[in-house]
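Below: the structure, in structure tokens.
In what follows, every chain begins at residue 1, and chains take the letters A, B, ... in the order their sequences are listed. As a basis for the values below, the full set of heavy atoms in this structure was taken, side chains included, without hydrogen atoms, waters or symmetry mates.
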Amino acid sequence: MKTANKTVTATRLVKDALEKAKHFEDYNIFTFINEEGALKKAAEIDAKIARGEKVGRLAGVPYALKDNFLSPEGETTASAHILEGFTSPVTATAVEKLEAEGAIMIGRTNMDAFAHGSSTESSYFGPTLNAYDKERVAGGSSGGSAVAVALDIVEFATGTDTGGSIRQPASFNGVYGLKPTYGCVSRYGVVAMASSTDCIGFFTKTPDDMSLLMSVASGQDPKDLTTLPDYYNDSEIKKAKKIGIIKDFYLKDSEIQKCLEHKCEELEKKGYEIVELEMPALKYALAAYYIIVPAEIASNLSRYDGVRYGFRSEKSDNLDDLYKNTRSEGFMPENKRRIMIGNFVLSSGFYDAYFLKAAKARTLIVKEYEEAFKKCDFILTPVAPNPAFKLGEKVNDPVSMYLEDVMSVPLNLAGVPGLAIPAGETSNGLPIGLQLVGPRRSDKSLIEFSKELM
Amino acid sequence: MEIKREDILHLSDLSDFSLSEEEIEKLGGDLEGIIKYISQLDELNTDNAEPTYQVFEMENVWREDEILPQDATREQLLALTKEEKDNQIKVPKVL
Amino acid sequence: MKYIPTIGIECHVQLRTKTKLFSEVDNDARGKEPNSCVSPVDYALPGMLPRLNGEAIRLAILAGRAMNCEINASSRFDRKHYFYPDSPKGYQITQFYHPIIGEGWVELPSGERVRIEHAHLEGDAGKLTHFDSYSLVDLNRVDTPLIEIVSMPDMHSAKDAHDYCKALWRLMCFAGVTYGDLYNGNMRFDVNVSIAPEGSKELGKRAEVKNLNSFRSVERAVEYEIKRQSKLLDAGEKVIQETRGWNDATGETTGQRSKEEAKDYRYMPEPDLPPINLSQEFIDAESAKLPMMPSNYRKKFAGIIADDTLEVLLDYPSLMSKLGEIDAKYAKNISNLFASVLLAEEKSAEYLNDLPTAAELSELAEMNDKKELSSTATKEVFLRLFDPQMKGRGVKNIAKELGLVQENDLGALEAIVDTVLAKPETKKAQDDFRAGEEKVIGFLVGQVMKESHGKANPSAVQEILRKKLK
């Protein structure tokens with residue numbers, strides 16, 4: 001990616017990005033444009049360069065921040081009404097690390113409220129439009145971030161991936177999107193969706209950019225006890241020989257399936273061995289996911305009550321009304337569905353049949369991946385069963401929307417990394433994305449290997 | 001599994017929502033569909049599986065007992081609430 | 001009808017860690033402004049994650065060992081959900097279902113044992129103050145580390161309940177896991193009381209009296225509940241299972257509107273905290289740090305310190321610990337000074353935190369033993385050891401400066417006695433004594449004491465007088 005230097009200044013880079021953001025305003029990508037803050041930071045970096053001081057690895061690189069990352073620049077709302085007016089005094093660890101290397105946030109990006117969704121239609125600020133077809137969805141939940149990179153407004157954007165929220169919009173907009181190994185990047189200061197599957201990752205235009213960002217962002221954080229000691233920067237790149245494909249994910253009469261098969265042929269020509277895998281428990285991953293994740297959502301979203309920050313309902317004459325009305329007015333319908341499903345699977349009488357059962361299914365899914373990676377180095381699958389769909393097509397049918405995640409959620413349940421790569425186009429010109437899946441801690445090798453599929 | 005109106009009201013209560021009639025109607029159908037979908041997990045035999053709640057290898061992660069400066073001050077935190085009085089958060093009366 | 005009461009007690013103990021259970025802010029909010037000990041984690045901003053305090057784990061192990069409990073190598077935190085402003089996250093993080101402290105027992109002074117079911121680590125809640133039209137929320141207490149100790153229903157009288165709470169308080173204070181400041185709520189008791197007709201195999205329905213913070217109120221609340229429930233049963237009515245509040249002024253418990261029957265807390269494993277799997281080496285090493293407990297001191301000082309003195313001193317871990325350092329031959333003397341002099345002082349609470357060294361106290365006791373200090377002088381020097389101006393000067397120096405060292409040199413004493421006997425005003429007394437009037441010896445001793453400016457050892461003086469007046 002282009003960093004600032006004496007001839008191409010940070011101010012120039014930032015101004016370009018701001019202009020492009022303005023130009024593509026109708027895509028509804030940003031919930032906040034950080035014009036003043038970004039230009040101020042650019043000037044500081046330019047001054048440093050002029051003085052001949054050392055600048056960071058991302059000096060002057062404009063980027064877009066998904067609206068669920070806490071930082072004092074602009075309101076952090078997770079595109080939810082209930083966080084309206086919330087300007088965070090705290091900065092997310094990931095943001096601190098990026099900015100310490102000189103990256104400059106030019107805007108916050110639209111998302112499904114609280115990252116609940118696969119189309120960015122469930123945002124309090126309305127949907128973001130697809131970079132290739134304005135009639136279609138951006139994917140989600142990190143739709144704004146994907147489109148910001150796809151339209152070349154910024155060099156990179158941050159995202160969060162709880163069940164495909166980076167990979168699916170990346171595939172819908174033809175960019176790279178990485179969901180790292182669980183625990184690789186600190187979750188501190190990122191609005192929690194489901195703590196046991198939430199991962200922080202990025203959208204980029206190239207694998208090398210992705211690797212650079214991971215090198216900056218990964219590592220143990222004393223503020224997030226679920227982070228792993230930095231392995232990313234220390235890990236050797238492992239050469240792959242065998243690539244697995246999952247029989248159970250076969251898509252009949254699909255251009256995506258054809259694209260996958262075509263890529264496999266190319267790999268074989270390059271001397272790689274293609275291994276067919278049977279992973280029968282994966283079929284149940286989506287059901288397990290839509291038990292475990294709503295349970296954690298119901299729990300994590302208990303703190304939004306209008307008492308301490310954000311939106312508070314006008315109708316709050318007594319405490320009970322304050323809670324009930326704030327939560328009823330402040331959440332989107334999809335937030336409510338997930339909270340109620342979460343409370344259902346955790347409630348007495350249903351816990352064992354749903355939550356505990358799903359936690360056991362999760363064990364089988366983890367094991368299936370472990371077995372699979374004994375037979376191959378990486379797995380190649382579609383990201384989603386279809387390319388970008390029409391706005392409004394699925395938004396009123398929650399189950400059909402959930403089925404978007406069928407190929408992405410198993411990775412989150414297992415905590416393994418997945419990289420969405422642009423792999424082709426459909427006959428009507430929509431991007432097709434495939435995902436490369438690796439064992440835990442294989443992120444770096446996975447990114448490197450993706451170059452074979454360019 | 002049939003989701004009755006009283007089930008929706010119970011879940012609404014656990015979630016601390018006050019739902020409109022329209023929402024109760026719509027959510028009833030939605031939730032029934034979702035629960036039907038997730039119930040297919042019944043087909044999977046999990047008899048010999050221990051539950052997994054977290055997917056990473058670490059345990060016994062804790063910190064030392066030392067007071068450290070925090071990422072926000074009391075003033076910054078209390079500034080976020082709608083109503084403050086005497087350095088406390090003001091909420092309407094409990095019924 | 002005669003009823004047998006059955007009592008089980010849950011006790012919340014605030015741990016004396018420097019920082020809170022999940023953030024690095026000051027855990028001691030006593031006397032501090034509202035919300036001054038609150039981190040963004042405690043305030044439950046979005047995206048905040050708990051940062052477990054290892055000291056709480058260590059103190060929990062000590063607390064467990066103090067109660068003869070098993071320590072569970074594996075324990076886990078769950079989230080317990082409820083909506084109320086005292087719970088900013090909307091859930092409490094608790095080890096209720098997978099506690100670090102397993103079964104054990106606490107011994108009462110009667111020798112009976114109350115079994116401990118388990119004890120678990122969890123975070124405390126914030127505080128609401130209610131006014132007419134609004135309430136104010138102070139989050140200082142949010143996630144102060146607590147252990148909740150759950151007893152088995154092994155108690156059958158108000159006295160048992162009182163004794164158990166007091167025994168527990170002593171154990172926690174001696175183990176050094178809490179400040180044990182009951183007035184500030186460092187230990188709070190929830191008491192479950194039921195009664196059943198004598199001979200009945202089944203327990204009655206129980207009432208839970210919540211949030212008691214003194215042994216006396218525990219005792220009174222149990223007494224009240226036994227009376228209340230007996231009256232109900234005698235009248236053919238039923239006791240309902242409910243939570244009741246205690247009014248210390250009226251000495252009554254009152255039913256609290258129980259919207260809470262069958263509250264569904266939707267427990268869920270806490271995904272933000274890694275599991276705890278302690279090695280046996282770790283548990284053993286931490287357990288070994290348990291200081292002497294009251295039962296150890298009872299054994300050590302049996303036959304040395306009077307039982308009633310010991311019972312008084314067992315309320316003060318710092319005093320017992322000091323006595324433990326002192327040579328057994330001086331322990332009785334020093335224990336008396338502690339019980340009758342130190343604890344009678346107005347400033348005793350202050351003094352307890354800053355005791356003289358064991359060497360100083362031993363030296364003091366030795367001087368008293370050797371009669372270099374009278375018992376009155378010993379008390380005086382003892383108190384001076386707490387005087388900031390006298391500190392560190394040495395016992396002998398202080399005693400000398402105050403002119404309190406007794407003259408024990410027989411030669412010197414004899415000379416003083418001779419001087420006194422030579423005085424005409426003592427002549428009559430000498431004659432009277434020789435004539436058999438015993439009590440005038442007191443007058444003569446007094447004269448010698450006066451002559452010696454109080455430094456003579458009175459018993460030595462008496463001996464010399466008796467010899468000389470034969």
Contact origin within [X] toward chain B - heavy atom pairs under 4.5 Å:
X      : result
A:F350 : side chain
A:L286 : both
A:V416 : neither
A:Q220 : side chain
A:K336 : both
A:R441 : side chain
A:A298 : neither
A:I339 : both
A:V307 : both
A:P398 : side chain
A:R440 : side chain
A:L225 : both
A:S195 : neither
A:T227 : backbone

Should [X] and [Y] count as side-chain neighbours, where that means a heavy-atom distance under 4.5 Å?
X      : Y      : result
A:P280 : A:E368 : yes
A:Y369 : A:L411 : yes
A:L228 : B:E57  : yes
A:M340 : B:I3   : no
B:I24  : B:L9   : yes

Self-check item: Under 3.5 Å: donor-acceptor pair, side chain of A:T363, backbone of B:T52
Solution: yes
So which part of [X] gets closer than 4.5 Å to some heavy atom of chain A, the side chain, the backbone, both or neither?
X     : value
B:L14 : both
B:T73 : neither
B:I8  : both
B:N48 : neither

Quiz prompt | Those residues that, when tested against B:E50, pass side chain to side chain contact (heavy atoms under 4.5 Å, CB included) (two or more places apart) | solution = none
Quiz item: Which heavy-atom pair separates A:T326 from A:I82 by the least distance, and what is that distance?
Solution: O-CD1, 3.8 Å
Among [options], which residue has the highest count of heavy-atom pairs closer than 4.5 Å to chain B?
options                       : result
A:G310, A:S328, A:G85, A:G415 : A:S328
A:A414, A:P222, A:S347        : A:A414
A:L413, A:T226, A:V90, A:N396 : A:T226
A:S196, A:A288, A:P89         : A:P89
A:Y290, A:Y354, A:F311        : A:Y354

Have [X] and [Y] got a donor and an acceptor in their side chains that come within less than 3.5 Å?
X      : Y      : answer
A:K357 : B:T46  : yes
A:R327 : B:S15  : no
A:T197 : A:Y289 : no

Self-check item: Aromatic plane relationship, A:F86 with A:Y309 - under 30° parallel, 30 to 60° tilted, over 60° perpendicular
Solution: tilted
Self-check item: Geometric class of the A:F331/B:F17 ring pair [parallel <30°, tilted 30-60°, perpendicular >60°]
Solution: perpendicular
Quiz prompt | Any residue meeting ring-ring contact (aromatic ring centres under 6.0 Å, His included) with A:F355, in chain and number order, not counting sequence neighbours | solution = A:Y351
Contact leader toward chain A among [options], where contacts are heavy-atom pairs under 4.5 Å:
options                   : answer
B:L44, B:D7, B:L77, B:V61 : B:L44
B:Y53, B:W62, B:F56       : B:F56
B:A79, B:S18, B:G29       : B:S18

Quiz prompt | Steps toward side-chain contact (heavy atoms from CB on, under 4.5 Å) verdict (A:V190, A:D198) | solution = CA-CA 9 Å; A:V190 180; A:D198 282 352; over 6 Å; no
Practice problem: Answer yes when B:D13 and A:K324 have at least one side-chain N-carboxylate O distance shorter than 4.0 Å, and no when they do not. | Solution: yes
Exercise. Look at A:R338 together with A:E334 and state whether they make a salt bridge at an N to O cut-off of under 4.0 Å.
Key: yes
Quiz: residues 83-95 of chain B side-chain donor-acceptor pairs under 3.5 angstrom, not counting sequence neighbours:
residue, atom, partner, partner atom, Å
B:N87, ND2, C:E33, OE1, 3.1
B:Q88, OE1, C:D138, N, 3.4

Exercise. Name, in order of residue number, those residues of residues 312-319 of chain A that have a heavy atom at a distance of less than 4.5 Å from a heavy atom in chain B; otherwise write 'none'.
Key: A:R312, A:S316, A:D317, A:N318, A:L319
